[in-house]
Amino acid sequence: MVEVVNVVASGSLGVELDLEAIAGDLDSIVDYDPDKYPGAYFRFGDSAPLITLYRTGKYIITGASSEKEARTVREEFLNILSGRKILPSAEDDWFQLQNYVCMSEVGENLNLSALAIGLGLEVTEYEPEQFPGLVYRPAEHDCVLLVFGSGKVIITGATSIQDTEEAFNTFQKRIVDLFP
DNA sequence: TAACTAGCTTCTTATATAACAATGCATG
DNA sequence: CATGCATTGTTATATAAGAAGCTAGTTA
């Protein structure tokens, strides 16, 4: 069982934009400081996901806790832009989920030094003085697992929940094999 | 010297450590 | 009232991904 804690997605409106004008118009939800960063930040609500919009019309969504939430804020974002006549229609060129950050746990405390050897030193990094978690890059999955002594695991870098679940399941099976 | 590439900035989120700052409370 | 210890809070460390723009370094 893995729980999604963060989703990153990106898309493109397909048009060049005047961020200065948009930020002035949508003052209450847009934060734009080109000296600090070239993107304009959109946020609908206090703990809502963040949308970063760029001059080129490309944008990214961070901080959503599900694919559904990411798609919902995207729609709200497109509706506001089309409603303000910034965009001709509430549609965009493409939209893709880029990264899932998930949390799970194996249900027991883990000896990370032993785990590093068990999983293989070429696929793990464990330097407790630098960071308390073990970094595991499984050869058969396109994602990274951060494993902690408490048994909690962070899976990040996958572009679908299925990949994340598969990576965690094979990891958990390996734990059982290594520490029966 | 121009063009190119690589690396960094910003942001989000869980996780867990240490090191530090700042505050609270009690005792002398 | 001042000093000491304890607690709470913040920062750093590391991970992935997207985006634009700046800088630094390399190469022709």
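Convention: sequence-line order gives letters A, B, ...; per-chain numbering from 1.
- If you measure from atom CG of A:Asn6 to atom C1' of B:dT13, you get 4 Å, rounded to the nearest angstrom.
- Taking atom CG of residue A:Leu97 and atom P of nucleotide C:dA16, one finds them 19 Å apart after rounding to whole Å.
- Of the charged side-chain nitrogens involved, none lies within less than 4.0 Å of a carboxylate oxygen, so that A:Glu140 and A:Lys173 do not count as a salt-bridged pair.
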Under 3.5 Å, side-chain donor or acceptor atoms of residues 13-23 of chain A against the rest of the protein: list the pairs with distances, not counting sequence neighbours.
unit_1: A:Asp18; atom_1: OD1; unit_2: A:Glu20; atom_2: N; d: 3.2
unit_1: A:Asp18; atom_1: OD1; unit_2: A:Ala21; atom_2: N; d: 3.3

Item to complete: Begin with the C-alpha distance, continue with both residues' side-chain angles, and end with the deciding distance and a verdict on side-chain contact (heavy atoms from CB on, under 4.5 Å) for A:Val7 and A:Leu97.
Response: CA-CA 7 Å; A:Val7 174; A:Leu97 291 149; 3.3 Å; yes
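- Of the residues in residues 16-43 of chain A, those placing a heavy atom less than 4.0 Å from an atom of DNA chain B are A:Lys36, A:Tyr37, A:Tyr41, A:Arg43, in numerical order.
- Among the atoms of the strands shown, only primed sugar atoms or phosphate atoms (P, OP1, OP2) are found under 4.0 Å from some heavy atom of A:Val144.
- Judged by distance alone, with hydrogens and angles left aside, the side-chain atoms of A:Ser10 form no donor-acceptor pair with the main-chain N or O of A:Ile60 at under 3.5 Å.
- Side-chain contact check for A:Cys143 versus A:Thr164: every heavy-atom pair is 4.5 Å or farther apart.
- Remark: P of B:dC11 and CG of A:Asn99 are 18 Å apart, rounded to the nearest angstrom.
- Listed by residue number, the members of residues 157-172 of chain A with any heavy atom below 4.0 angstrom from DNA chain B form an empty set.
- Going from atom CG of A:Asn6 over to atom OG1 of A:Thr62 covers 6.5 Å, rounded to the nearest 0.5 Å.
- In this structure, A:Arg174 and A:Leu119 have side chains that are in contact, with non-hydrogen atoms separated by less than 4.5 Å.
- Side-chain atoms of A:Tyr100 and A:Val2, non-hydrogen and from C-beta on, never get closer than 4.5 Å to each other.
- Taking the charged nitrogens against the carboxylate oxygens, A:Arg71 and A:Glu67 do have a contact shorter than 4.0 Å, which makes a salt bridge.
- No more than 12 heavy atoms of other residues, nucleotides or ligands lie within 6.0 Å of CG in A:Asp142, so this atom counts as exposed by the packing criterion.
- Here A:Phe44 contributes atom CZ and A:Ile29 contributes atom CD1; the two are 4.5 Å apart, rounded to the nearest 0.5 Å.
- Contact check of residues 49-68 of chain A against DNA chain B (heavy atom, cut-off under 4.0 Å) returns A:Leu50, A:Thr62, A:Gly63.
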Every protein N/O within reach of nucleotides 14-20 of chain B N/O, cut-off under 3.5 Å:
unit_1: B:dA16; atom_1: OP1; unit_2: A:Ser150; atom_2: OG; d: 2.7

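- Between the P atom of B:dT12 and the CG atom of A:Asp46 lies a distance of 12 Å, rounded to the nearest Å.
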Under 3.5 Å, sequence neighbours excluded: what are the donor-acceptor pairs made by side chains of residues 108-116 of chain A?
unit_1: A:Asn111; atom_1: OD1; unit_2: A:Ser113; atom_2: N; d: 3.1
unit_1: A:Asn111; atom_1: OD1; unit_2: A:Ala114; atom_2: N; d: 3.1

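- Outside the 6.0 Å centre-distance limit, the rings of A:Tyr59 and A:Phe42 are not counted as a close aromatic pair.
- Rounded to a whole Å, the CZ atom of A:Phe95 is 14 Å from the C1' atom of C:dA19.
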